[in-house]
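So the structure is just underneath, and the comments pick up after that.
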Amino acid sequence: MIRTLRTNAELFEKAQALIPGGVNSPVRAFRSVGGTPYFVDHAEGAYVYDVEGRKYIDLVQSYGAVIAGHAHPSVTSAICDAAQKGTSFGAPTFGEVELATEIIERVPGMEKVRLVNSGTEATMSSIRLARGHTGRDRIIKFAGNYHGHADMLLAAGGSGVATLGLSGSAGVPLAAVADTLVAPYNVVPNIGTDVACVIVEPVAANMGVIGPAENFLKDLRLACDRAGALLIFDEVITGFRLARGGASEWSKVKPDLACYGKVIGGGLPIGAFGGNSNIMSSLAPEGPVYQAGTLSGNPLATAAGVTALKLLNSEAYSHLNRAAERLESGFTSAFELAGIHALVSRVGSLLGLFFGRSLPTDYDQARETDEELYARFFHAMLKRGVAMAPGAYEAMFVGLAHTDEIIDEIIAIAKESALSL
Ligand SMILES: *Cc1c(COP(=O)(O)O)cnc(C)c1O
């Protein structure tokens with residue numbers, strides 16, 4: 001019966017009757033850009049096709065999770081092969097060892113990794129581990145950094161100085177964020193000796209794309225060492241997109257723990273966190289910090305993840321960076337041509353768009369940019385066949401499927417769209 005619903009509007013109406021807001025992750029509802037979301041029928045490479053048969057060049061790419069492009073033949077066949085051997089066992093598998101090998105081999109200093117089911121689980125569990133390992137309760141996060149939706153990480157930012165966390169969502173009791181300190185990004189906070197860990201996006205990519213200021217990560221590392229606090233890199237976006245060894249390799253700063261997600265699942269649900277053997281041995285069953293999962297290390301997800309990681313050779317990184325560089329200059333000249341104050345921020349293949357006169361360096365500045373203009377640009381692009389994320393603070397994601405021709409097409413459409421605003 002649902003199959004008889006043919007348009008995005010019909011499906012959205014039905015979905016809203018059955019699912020809060022019609023979506024299973026809030027940004028998908030288009031609330032911040034307005035209008036009706038497109039319902040995806042299928043996708044291939046750099047393209048998504050909606051249920052009305054409309055084709056879009058996709059700059060969402062599942063928020064970076066499908067770095068090889070949609071339905072990449074190798075990834076798809078790895079998933080099919082795995083599925084034929086059974087989908088979940090409640091017992092360890094070869095695939096888990098293989099993915100752990102692929103991750104550890106890439107990251108300087110990483111010795112052990114635990115696989116989970118999402119980025120949220122990775123950050124949540126790594127914080128529990130940091131607290132259990134250090135015997136301290138307090139944590140520090142940065143305003144505008146997103147670490148998934150675990151209670152203690154849903155603390156909103158106070159500006160200026162580090163403030164005690166205020167709950168950023170209904171349903172998160174103050175007690176849950178009472179030990180969360182929120183500091184402005186790009187400034188090394190005071191770290192007390194009661195702090196278990198500092199968690200940071202090494203390149204912020206959830207308030208638009210904001211790179212770390214020179215020496216920020218290095219100085220944060222030193223400050224953590226002085227306080228005996230663990231440094232956690234949330235690499236759920238940067239992990240294996242920014243460089244072969246992720247942001248640890250890119251920044252030459254070694255965190256104590258790193259969290260992964262998105263890219264490492266090749267488009268299937270997965271997450272991971274890891275560090276040196278000493279810290280990781282505090283985790284059950286070796287140590288006292290409990291962490292578990294019925295579907296953790298799922299064979300379909302590990303097969304897809306291993307295949308996707310193997311596609312990421314040095315040519316792949318050159319391709320990603322060049323595609324992003326070309327988009328950076330193409331978008332920049334499109335806005336210049338149209339006389340619109342907009343800036344493109346780029347770190348490696350991560351791209352962000354800010355409608356304003358200067359590039360923000362923290363969350364307060366990012367929020368001063370023109371969200372309404374983003375919404376208009378978003379719809380101008382979508383109408384012409386380019387799907388960007390339906391939110392002003394999301395990154396644009398290029399993947400291996402974005403060829404030079406496709407990038408040229410995006411740039412041409414960006415020019416038309418900018419001129420139409
Ligand atoms: C997406 C994201 C998460 C959350 O991952 P989920 O798989 O959505 O739970 C955490 N941290 C960062 C930096 C992310 O971009």
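From a predicted model like this one, the values you see are computed outputs, not experimental measurements. In listed order, ligands and their atoms are each counted from 1.
For atom 8 (O) of ligand 1, the nearest non-hydrogen atom of the protein is Thr120 OG1, 4.5 Å. Summary of contacts: the protein heavy atom closest to atom 5 (O) of ligand 1 is Gly119 CA, 3.2 Å. The protein heavy-atom contact nearest to atom 2 (C) of ligand 1 is Lys262 NZ, 2.6 Å. In terms of protein heavy-atom proximity, atom 11 (N) of ligand 1 is closest to Asp234 OD2, 2.6 Å.
The environment of CG in Asp194 is crowded: more than 12 heavy-atom neighbours from other residues, nucleotides or ligands sit within 6.0 Å. Counted within 6.0 Å of CD on Glu52, heavy atoms from surrounding residues, nucleotides or ligands total more than 12; the atom is thus considered enclosed. Around CZ of Phe94, the count of heavy atoms belonging to other residues, nucleotides or ligands within 6.0 Å does not exceed 12.
Taking the centre of each ring, Phe216 and Phe142 come in below the 6.0 Å mark. With ring centers used as reference points, Phe377 lies under 6.0 Å from Phe335. Ring pair Tyr260/Phe233: centre-to-centre distance not below 6.0 Å. Aromatic ring centres of Tyr38 and Tyr56 lie closer together than 6.0 Å.
Heavy-atom contacts of Ser118 reach the following atoms of ligand 1: 7 (O), 9 (O) (cutoff under 4.0 Å). Using a 4.0 Å cut-off to heavy atoms of Ile237, the atoms of ligand 1 that qualify are 15 (O).
Looking at Glu201 against ligand 1, only its side chain comes within 4.0 Å, counting heavy atoms. When heavy-atom distances to ligand 1 are checked against a 4.0 Å cut-off, Asn206 comes that close only through its side chain, counted from C-beta outward. Neither the backbone nor the side chain of Glu121 has a heavy atom within less than 4.0 Å of ligand 1.
At least one heavy atom of Tyr146 sits less than 4.0 Å from an atom of ligand 1.
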